There are 2 protein chains.
Amino acid sequence: MTGTRPFKHALDRLQQAGLRPTRQRLALARLLFDKVDRHITAEQLHAEAVDAEVQVSLATVYNTLHQFTDAGLLREVVVEAGRSYFDTNTSDHHHFFFEGNGNLQDIPGESVTVAHFPAAPAGTRVARVDVIIRLAPEEA
Amino acid sequence: MTGTRPFKHALDRLQQAGLRPTRQRLALARLLFDKVDRHITAEQLHAEAVDAEVQVSLATVYNTLHQFTDAGLLREVVVEAGRSYFDTNTSDHHHFFFEGNGNLQDIPGESVTVAHFPAAPAGTRVARVDVIIRLAPEEA
DNA sequence: AATTAATTTAGAAATATTCTAAAATGTTTT
DNA sequence: AAAACATTTTAGAATATTTCTAAATTAATT
């Protein structure tokens with residue numbers, strides 16, 4: 001399918017999210033979702049778009065990333081002050097974070113068990129449980 | 001003790017960390033450690049210092065927070081893009097994060113069990129495991 | 001085709017943090 | 001205690017990331 005109707009997949013995602021299929025959103029959706037899952041920053045996605053000769057401003061990349069996140073198509077991952085990663089894997093999972101180089105790697109949800117944590121305080125509900133395993137280079 | 005030798009505690013911490021006891025570091029150490037554990041940003045600490053008529057620049061507050069963190073006197077907590085909290089509780093523990101108001105609350109280490117996660121990739125070691133339980137307002 | 005609503009855009013603004021190099025302070029040596 | 005040296009502090013500039021603004025464009029509806 002992918003070769004024959006290259007926009008179908010991206011279009012479906014936008015419709016599912018109730019977002020107008022504009023040229024920019026379609027192009028960004030293709031860049032984001034038509035490949036293996038990954039973690040990307042707004043700057044990186046903008047650079048990819050420019051590279052692919054998609055005309056889109058950085059402001060629109062930010063808008064779109066947030067709209068996709070609100071729609072559940074992306075997940076925002078915060079592990080470093082001053083930089084947001086957007087994760088195309090929205091399933092239940094966790095992360096390895098390499099402090100050395102800032103690299104992020106998924107850990108499947110089944111591979112980690114978070115057991116018996118306290119109940120959410122009154123008036124709140126658990127929106128998500130993030131487990132970040134921070135890795136440092138092994139010492140010699 | 002605290003009333004009679006108010007700088008002793010802060011001084012001990014600096015010496016333990018191998019940091020010269022300058023006027024600014026002493027004052028910031030007192031503001032940070034001579035009260036109950038909490039989470040504070042650089043701006044907030046600077047405001048407290050100004051309030052307490054401690055003359056210190058924001059740059060020094062940043063320097064000091066990082067030096068204290070490197071020395072293990074503080075722990076940096078990243079839960080929101082673009083803002084760092086410094087936690088005076090350096091023991092093994094986790095956090096509730098209230099997405100509504102940006103509030104952070106400690107969860108004692110014993111209250112959460114993170115079971116059987118994958119081994120650290122070759123060449124790395126686990127520096128820390130962060131569990132962040134994100135809370136949203138309960139819907140009506 | 002005209003109207004309306006949503007989206008995109010460049011550039012400015014806001015926010016948080018780091019950098020720079022000079023001045024001040026603390027430490028060690030004489 | 002003065003001189004010499006090293007460390008720290010500082011203001012302000014610089015950087016980085018993100019958000020805002022208002023005008024222009026594009027998409028959807030009539």
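Every chain is numbered from 1 and lettered A, B, ... according to where its sequence line falls, protein lines coming before strand lines. Predicted model, so just to flag it, every value in this text is computed and none were measured.
Here CD1 of B:Ile133 is found 5.0 Å from CZ of B:Phe96. Values are rounded to the nearest 0.5 Å. For the atom pair A:Lys8 NZ and A:Arg13 CZ, the distance stands at 12.0 Å (nearest 0.5 Å). The CG atom of A:Leu45 sits 4.5 Å away from atom CD1 of A:Ile40, with the distance rounded to the nearest 0.5 Å. Rounding to the nearest 0.5 Å gives a distance of 11.5 Å between CG of B:Leu11 and CG of B:Leu19.
Sorted by first and then second residue, the salt bridge (Lys or Arg N to Asp or Glu O under 4.0 Å) pairs with a member in residues 88-112 of chain A read A:Glu99-A:Arg134; sequence neighbours excluded. Residues in residues 54-67 of chain A take part in these side chain to side chain donor-acceptor pair (under 3.5 Å) pairs, two or more places apart or across chains: A:Arg25-A:Gln67, A:Ser57-A:Thr60. Residue pairs satisfying the salt bridge (Lys or Arg N to Asp or Glu O under 4.0 Å) criterion with at least one member in residues 35-48 of chain A, sequence neighbours excluded, are listed as follows: A:Arg38-A:Glu48. Pairs passing the ring-ring contact (aromatic ring centres under 6.0 Å, His included) check and including a residue from residues 19-40 of chain B, sequence neighbours excluded, read B:Phe33-B:Phe68, B:His39-B:His95. Listed by first and then second residue, the salt bridge (Lys or Arg N to Asp or Glu O under 4.0 Å) pairs involving residues 62-79 of chain B are B:Arg75-B:Asp130 (not counting sequence neighbours).
Atom CD of B:Gln15 and atom P of C:dG26 are 14 Å apart (whole Å).
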**Request:** Run the numbers on B:Val78 and A:Glu80 for side-chain contact (heavy atoms from CB on, under 4.5 Å), then give the verdict.
**Result:** CA-CA 6 Å; B:Val78 180; A:Glu80 276 184 304; 5.6 Å; no
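A heavy atom lying under 4.0 Å from DNA chain C marks none of the residues of residues 45-57 of chain B. Of the residues in residues 67-75 of chain B, not one places a heavy atom less than 4.0 Å from an atom of DNA chain C.
Applying the ring pair (Phe, Tyr, Trp, His ring centres under 6.0 Å) criterion to A:Phe117, with sequence neighbours excluded, gives no partner residue. Listed by chain and number, the residues in a side-chain contact (heavy atoms from CB on, under 4.5 Å) with A:Ala47 amount to none (sequence neighbours excluded).
Residues A:His116 and B:Ser111 bring no donor and acceptor atom of their side chains to less than 3.5 Å of each other.
Mapping heavy-atom proximity under 4.0 Å, the span of DNA chain D touched by chain A runs 5' to 3' from D:dT17 to D:dA28.
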Nucleotide N/O of nucleotides 21-25 of chain C paired with protein N/O under 3.5 Å:
none

Between the protein and nucleotides 12-17 of chain C, list every N/O to N/O distance that falls short of 3.5 Å.
| unit_1 | atom_1 | unit_2 | atom_2 | d |
| --- | --- | --- | --- | --- |
| C:dA16 | OP1 | B:Arg83 | NH1 | 2.7 |
| C:dA16 | O3' | B:Gly82 | O | 3.3 |
| C:dT17 | OP1 | B:Ser84 | N | 3.0 |
| C:dT17 | OP2 | B:Tyr62 | OH | 2.5 |
| C:dT17 | O5' | B:Tyr62 | OH | 3.3 |

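Remark: the backbone N or O of A:Pro108 is not paired with any side-chain donor or acceptor of A:His93 at under 3.5 angstrom.
When side chains are defined from C-beta on, B:Leu73 does not count as touching B:Thr90, because their heavy atoms never get closer than 4.5 Å.
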